[in-house]
Enquirer: 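Structure incoming, see below.
Computed over heavy atoms, backbone and side chain alike; hydrogens, waters and symmetry mates excluded. Quick note on labels: first sequence line is chain A, next is B, and so on, each numbered from 1. Just so we're clear, the structure is a prediction, and the values are computed from it rather than from any experiment.
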Amino acid sequence: MSALLQIENLQVTFNTRHGQVTALDSVSLSVNAGETLGVVGESGCGKSITALSVMGLIPMPPGRIAGGSIKLNGEELVGASDARLRGLRGSEVAMIFQEPMTSLNPVFSIGDQIAEAIMLHQNVSYDQAFKDAVALLDRVGIPSPDRRARDYPHQLSGGMRQRVMIAMAVSCRPKVLIADEPTTALDVTVQAQIFDLLNEIQRDFGAAIMLITHDMGAISEMADRVAVMYAGRVIEEASADQVLDTPQHPYARGLIDCIPALGKQETELREIPGVVPPLHMLGQGCAFKARCAHARPRCGTEKPLLRSHGAHPVACHGAEEGWL
Amino acid sequence: MSNSYILKRVAYGLILMLCVVVLNFLLIRLAPGDPAVVIAGEMGGATEEMLEQIREEYGLNKPILTQLAIYIGNVATGDLGESFFFNKPVAELISQRIGPTILLVIVAQILSIFLGVFLGVLAARKPNGVMSAFVSVFATIGYAVPVFWTGIMLIILFASVLPIFPVEGMQSVRLRDAPWYVQTIDVAHHLVLPAFTLAVIYLAQYARLSRASMLEVLGSDYIRTARAKGASERTVLFHHALRNAALPILTVAGLQFGNLISGALLVETVFNWPGMGRLAFDSILRRDYPTIMGVLFFASAMVVVANLLTDLSYRLADPRLRGRT
Ligand SMILES: Nc1ncnc2c1ncn2[C@@H]1O[C@H](COP(=O)(O)OP(=O)(O)OP(=O)(O)O)[C@@H](O)[C@H]1O
Ligand code: SF4
Ligand SMILES: [Mg+2]
């Protein structure tokens with residue numbers, strides 16, 4: 001059986017002043033119905049671009065889907081008509097963004113904004129849609145929702161706004177919900193509440209979730225499977241337990257090592273040394289080579305591909321040849 | 001919107017009007033010569049009897065503060081003095097002419113805002129497209145070229161080359177007794193050139209402003225959210241983006257209203273439009289001070305009212321400003 005959302009060899013390029021850069025390089029991912037796929041990786045590795053590709057929201061120009069396929073329920077989205085994509089957006093696939101403070105339109109009430117999402121895909125009156133919006137606000141834990149529905153975004157806190165975004169995203173019961181770092185901009189206490197809410201929503205609405213995050217704690221709690229991305233490529237993919245317990249790729253190991261151990265007082269946050277090379281300076285071979293303690297000559301000349309070498313799929317020559 | 005805020009704005013407006021009245025008062029005192037002669041007007045050929053009457057009416061023999069109080073009292077009761085050139089109360093002169101001016105100014109304002117914003121939105125859709133380039137060039141030309149030049153060019157074009165619009169006046173004499181709808185169409189027909197001439201400078205500015213404003217708004221996160229909901233491109237542009245981009249446009253529209261009124265003065269003169277502008281122009285040439293002051297008073301009143309309306313509409317448009325004082 002094929003997956004609900006199947007991304008294969010997705011290639012996305014951007015025209016920049018450094019010439020054309022490849023933001024996504026043959027990215028393959030799949031999300032099954034009812035499952036949560038965690039996507040992790042450093043800033044700039046292409047997580048949001050992957051999500052936006054699924055939504056059909058890559059800014060074109062300068063962006064371009066140069067190849068590959070995205071199938072939702074077997075239907076090809078790459079090259080689908082604008083009208084068809086509009087019909088799917090918000091109804092079959094919905095997205096929650098990283099920036100709750102700025103993702104709601106400041107001049108419309110939150111009830112109206114949710115009602116609009118409902119009316120775009122369902123044949124209901126405004127009054128009915130507004131009532132549904134109030135019910136959704138109640139569902140995502142907004143107190144006195146019928147009064148709050150008439151509030152404007154600036155009257156709500158960041159956590160509340162993210163709840164509104166979640167209510168809007170699930171208003172048409174999408175099959176796939178993409179949450180792009182939904183808690184990055186929020187307080188730590190609020191972060192836990194939002195993840196709890198996402199869990200509940202998934203249980204009630206049965207949506208598959210693609211959870212993009214830096215938060216490995218959230219991954220261990222929420223995700224069934226994890227894809228680790230680096231510089232526009234998926235470099236390791238496995239069940240959450242496998243990735244967390246036995247990460248293969250040196251980068252994934254670094255990421256896991258950076259999780260502060262529970263209960264232990266860390267004096268400073270550990271980090272992987274070095275930075276992600278800019279996309280226009282990737283060159284040949286493995287994109288991680290400059291930061292990798294295990295790099296060998298082959299890493300400088302040949303791009304490692306995502307393959308299973310015993311355990312689970314990983315893109316690393318060292319894992320393949322067993323020199324790690 | 002809070003009532004106290006509205007009251008506060010109205011109070012500001014009234015204070016501003018009071019300042020205009022005091023300025024008018026000082027204008028007469030600062031003019032060289034006997035104030036009574038100044039008020040009578042140099043073209044009036046005032047008799048001693050007339051001057052005496054003026055001194056009586058304005059209390060010119062009394063202390064200056066009493067004179068000011070009398071003057072303010074007169075204005076407050078709608079008495080703007082008398083034009084000795086027309087031999088008529090100034091209030092009556094203006095009430096006959098304020099209608100055409102308001103008509104011209106409002107039509108020009110609407111024309112420039114709507115057309116300008118429409119062009120700006122189209123340009124913002126494709127920032128590197130032909131429309132965008134056109135708006136930039138047009139905005140520069142519209143801004144640089146003086147009104148009277150545009151007016152005269154249009155007169156030449158429509159008087160001789162393509163005579164489809166009248167180039168003078170507000171009504172055709174032969175239609176004075178026609179039914180009201182014929183007269184309305186006639187006035188609209190006469191309005192085309194003056195309104196367009198007046199609109200064209202501001203139109204270009206609105207186009208440029210709304211292009212910039214739209215470009216900024218279109219990059220916002222909430223526009224991406226609107227697209228993510230599945231909203232059509234038209235809804236995104238005209239519903240989600242324009243409502244936000246309209247805020248700076250509204251501000252400028254309010255600020256421009258004063259300029260528009262002074263622009264109307266020139267346009268009315270060029271097209272012989274029977275409004276306050278022509279009256280002001282003629283009165284300045286005749287040094288008919290009471291009339292000049294009356295026009296000044298009404299023009300400032302119009303600006304004050306326009307700014308008040310802008311302020312209120314700004315609050316309506318932007319919920320973040322509501323409830324603030
Ligand atoms: N409009 C654009 N023009 C040019 N390059 C872009 C554009 N948008 C994204 N990119 C490039 O695509 C790459 C991936 O960006 P993306 O936003 O997907 O990163 P991310 O993994 O979501 O990072 P973060 O964790 O910071 O959100 C970046 O390196 C960026 O330089
Ligand atoms: S391919 Fe080489 S450089 Fe890249 S992660 Fe593996 S060992 Fe390190
Ligand atoms: Mg991102």
Side-chain angles (χ1 to χ4, degrees), chain A residues 48 51-52 54-59 61-62 82-110 112-122 150-156 161 164-165 168-169 171-172 174 177-178 180 185, chain B residues 1-2 117 121 123-132 210 213-251 310-325:
Chain A
S48 296
L52 291 174
V54 176
M55 297 294 293
L57 288 178
I58 297 281
D82 283 349
R84 180 64 190 140
L85 285 176
R86 271 204 306 277
L88 295 173
R89 244 181 251 151
S91 72
E92 303 279 304
V93 251
M95 184 159 170
I96 305 161
F97 297 96
Q98 196 167 341
E99 307 86 0
M101 301 311 278
T102 49
S103 290
L104 290 164
N105 196 323
V107 300
F108 301 116
S109 74
I110 57 171
D112 277 352
Q113 296 189 52
I114 300 175
E116 186 199 4
I118 296 171
M119 280 160 48
L120 277 168
H121 301 288
Q122 293 167 28
R150 288 183 173 75
D151 276 359
Y152 290 88
H154 73 276
Q155 293 165 295
L156 277 70
R161 292 189 212 183
V164 172
M165 286 299 292
M168 186 155 43
S171 63
C172 297
L177 179 61
I178 303 175
D180 187 357
Chain B
M1 207 177 313
S2 63
V117 168
V121 171
R125 257 177 72 179
K126 295 214 170 73
N128 298 318
V130 179
M131 194 62 196
S132 232
S210 47
S213 183
M214 280 295 282
L215 275 179
E216 193 185 321
V217 167
L218 283 174
S220 333
D221 292 336
Y222 54 81
I223 294 301
R224 188 184 56 190
T225 305
R227 295 209 168 99
K229 283 185 201 177
S232 70
E233 204 50 30
R234 206 176 56 199
T235 309
V236 168
L237 277 179
F238 289 98
H239 185 64
H240 289 272
L242 192 53
R243 261 298 287 276
N244 285 280
L247 300 174
I249 298 170
L250 264 179
T251 318
T310 314
D311 233 52
L312 298 182
S313 60
Y314 202 67
R315 297 194 147 227
L316 273 183
D318 189 349
R320 283 162 298 188
L321 296 176
R322 283 175 220 164
R324 270 188 219 170
T325 49

Enquirer: Measure the CZ-OH distance between B:R320 and A:Y152 for me, rounded to the nearest 0.5 Å.
Expert: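 Nearest 0.5 Å value for the CZ-OH distance: 11.5 Å.
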
Enquirer: Is it the case that over 12 heavy atoms from other parts of the model lie below 6.0 angstrom from the CD atom of A:Q122?
Expert: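 Yes, because the 6.0 Å sphere around CD of A:Q122 holds more than 12 heavy atoms from other groups.
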
Enquirer: From B:K229 NZ over to A:M95 CE, what is the distance, rounded to the nearest 0.5 angstrom?
Expert: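 These two atoms lie 15.0 Å from each other.
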
Enquirer: Could you report the tightest heavy-atom contact between A:E116 and B:A231, atom names first, then the distance?
Expert: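 A:E116 and B:A231 have their closest heavy atoms at OE2-CB, 4.3 Å.
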
Enquirer: Check each atom of B:A226 against the heavy atoms of chain A and say whether the ones under 4.5 Å are side chain, backbone, both or neither.
Expert: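 Neither part.
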
Enquirer: Which members of residues 86-93 of chain A, sorted by number, sit under 4.5 angstrom from chain B on a heavy-atom basis?
Expert: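 So far as heavy atoms go, A:R86, A:R89, A:G90 are the residues that approach chain B to under 4.5 Å.
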
Enquirer: Answer yes or no: is there a side-chain heavy-atom contact under 4.5 Å between B:P319 and A:V107?
Expert: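 Side chain of B:P319 against side chain of A:V107, heavy atoms only: contact under 4.5 Å found.
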
Enquirer: Please classify the contact between A:L104 and chain B as side chain, backbone, both or neither, with a heavy-atom cut-off of under 4.5 Å.
Expert: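 Just the backbone, heavy atoms under 4.5 Å.
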
Enquirer: Suppose we screen for side-chain hydrogen bond (donor to acceptor under 3.5 Å, both in side chains). Which residues come up paired with A:R84, at least two apart in sequence or across chains?
Expert: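 If we apply the side-chain hydrogen bond (donor to acceptor under 3.5 Å, both in side chains) test to A:R84, skipping adjacent residues, the hits are A:E75.
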
Enquirer: Can you say whether A:Q113 sits under 4.5 Å from chain B via the side chain, the backbone, both, or neither, judging by heavy atoms?
Expert: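 When you check distances to chain B, atoms from both the backbone and side chain of A:Q113 fall under 4.5 Å.
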
Enquirer: Check each atom of A:M168 against the heavy atoms of chain B and say whether the ones under 4.5 Å are side chain, backbone, both or neither.
Expert: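 Side chain of A:M168 only, per the 4.5 Å heavy-atom cut-off to chain B.
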
Enquirer: Can you see which heavy atom on A:S103 is nearest to which on B:T225, and at what distance?
Expert: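 Result for this residue pair: O-OG1, 2.6 Å.
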
Enquirer: Is A:L85 in contact with chain B via its backbone, its side chain, both, or neither, using a 4.5 Å heavy-atom distance?
Expert: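 Neither part, no heavy atoms under 4.5 Å.
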
Enquirer: I'd like to know which of A:H154, A:H121, A:Q155 tops the heavy-atom pair count under 4.5 Å against chain B.
Expert: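 Most heavy-atom pairs within the cutoff with chain B belong to A:H154.
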
Enquirer: At a heavy-atom separation under 4.5 Å, does A:A94 approach chain B through its side chain, its backbone, both, or neither?
Expert: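 When you check distances to chain B, no heavy atom of A:A94 falls under 4.5 Å.
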
Enquirer: What part of B:S232 gets within 4.5 angstrom of chain A, counting heavy atoms only: side chain, backbone, both, or neither?
Expert: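 For B:S232, the contact with chain A is made by backbone and side chain together.
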
Enquirer: My understanding is that only residues two or more places apart in sequence, or in another chain, count here; which of them pass side-chain contact (heavy atoms from CB on, under 4.5 Å) with A:D112?
Expert: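 Residues passing side-chain contact (heavy atoms from CB on, under 4.5 Å) with A:D112: A:S109, A:Y126, A:F130.
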
Enquirer: Verify side chain to side chain contact (heavy atoms under 4.5 Å, CB included) between A:L52 and B:R224, making sure each step is shown before the conclusion.
Expert: CA-CA 10 Å; A:L52 291 174; B:R224 188 184 56 190; 4.3 Å; yes

Enquirer: How would you list, in number order, the residues of residues 240-247 of chain B that have a heavy atom less than 4.5 Å from chain A?
Expert: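 Checking residues 240-247 of chain B against chain A gives B:H240, B:R243, B:N244.
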
Enquirer: To the nearest 0.5 angstrom, please state how far the OH atom of B:Y222 sits from the CZ atom of A:F97.
Expert: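 Atom-to-atom, B:Y222:OH and A:F97:CZ are 14.0 Å apart.
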
